[in-house]
Each structure stands twice: as structure tokens, then as C-alpha cells.
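What follows is a set of notes on a single structure, which appears directly below.
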Amino acid sequence: MSIYWERCSICGRHRPTRQCWLHPERIICPYCCLACPERSICPRPAWFPTLRHVQPAAKPQPKLEEARRALEELLRKLEGG
Ligand SMILES: [Zn+2]
């Protein structure tokens, strides 16, 4: 898909644009594409398709870790009598 520097069909500004997948008659800039309410149902957003289902990277959860440590400590105490 080519990138053109044209007038965005949505905001009317001259920006890099691509053709909208859902509405081929429109050309959209990245900003309007990201802000598009139909983005969640768009099978192929013209801009940043990989950002469609952004999820925070899995991080160790400090609270869970803390709880696990507390439990282990408790078990040790019980085992130790
Ligand atoms: Zn725009």
C-alpha cells in the first residue's frame, strides 16, 4: 500500500495518507486512523495495523509475588513447627 502526502478525507490536513480499508473512497492520515471509532472492527487499519490489539506486556505482578512469598514463609513456619 502506497503512502501519499495528500489531504486527509477526515481532518482535511495535508499529511501522509493512505487509503482507508473500510471506506476505500477515503484517504486518511495516521492520526485520524488511530482515532477512528471503527478501528476496532476494521480488518486492516491503514495505519499501524499492529496497534489494533495493543496489550501491555506481561510483567511479573508484584502483588502476586508478594503473596506467594508470604505463603511460602507461612508454610515454612508450619513445617518447622
Ligand atoms: Zn486526518
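Read the numbers this way: they start at 1 and go in the same order the structure lists the ligands and their atoms. From a predicted model like this one, the values you see are computed outputs, not experimental measurements. Sequential numbering from 1 along the given sequence is applied to the chain's residues.
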Exercise. What residues, two or more places apart in sequence or in another chain, satisfy side chain to side chain donor-acceptor pair (under 3.5 Å) together with H23?
Worked result: E38

Exercise. Quick one: do F48 and Y31 end up in the same hydrophobic cluster if we chain Ile, Leu, Val, Met, Phe, Trp and Tyr together by side-chain heavy atoms under 4.5 Å apart?
Worked result: no

Problem set entry | Counterpart residues, side chain to side chain contact (heavy atoms under 4.5 Å, CB included), relative to I27 (two or more places apart) | E6, S9, T17

Exercise. Looking at residues at least two apart in the chain, or sitting in another chain, which of them share a salt bridge (charged side-chain N to carboxylate O under 4.0 Å, His left out) with R68?
Worked result: E65, E72

Seminar exercise, completed: What lies under 2.8 Å from the Zn ion (ligand 1), restricted to protein N/O/S atoms, is C8 SG, C11 SG, C29 SG, C32 SG

Problem set entry | L22 side chain reached by P45 side chain, heavy atoms, under 4.5 Å | no

For this session: Drop me the distance from W47's CH2 to C29's SG, to the nearest 0.5 angstrom.
Result: 8.0 Å

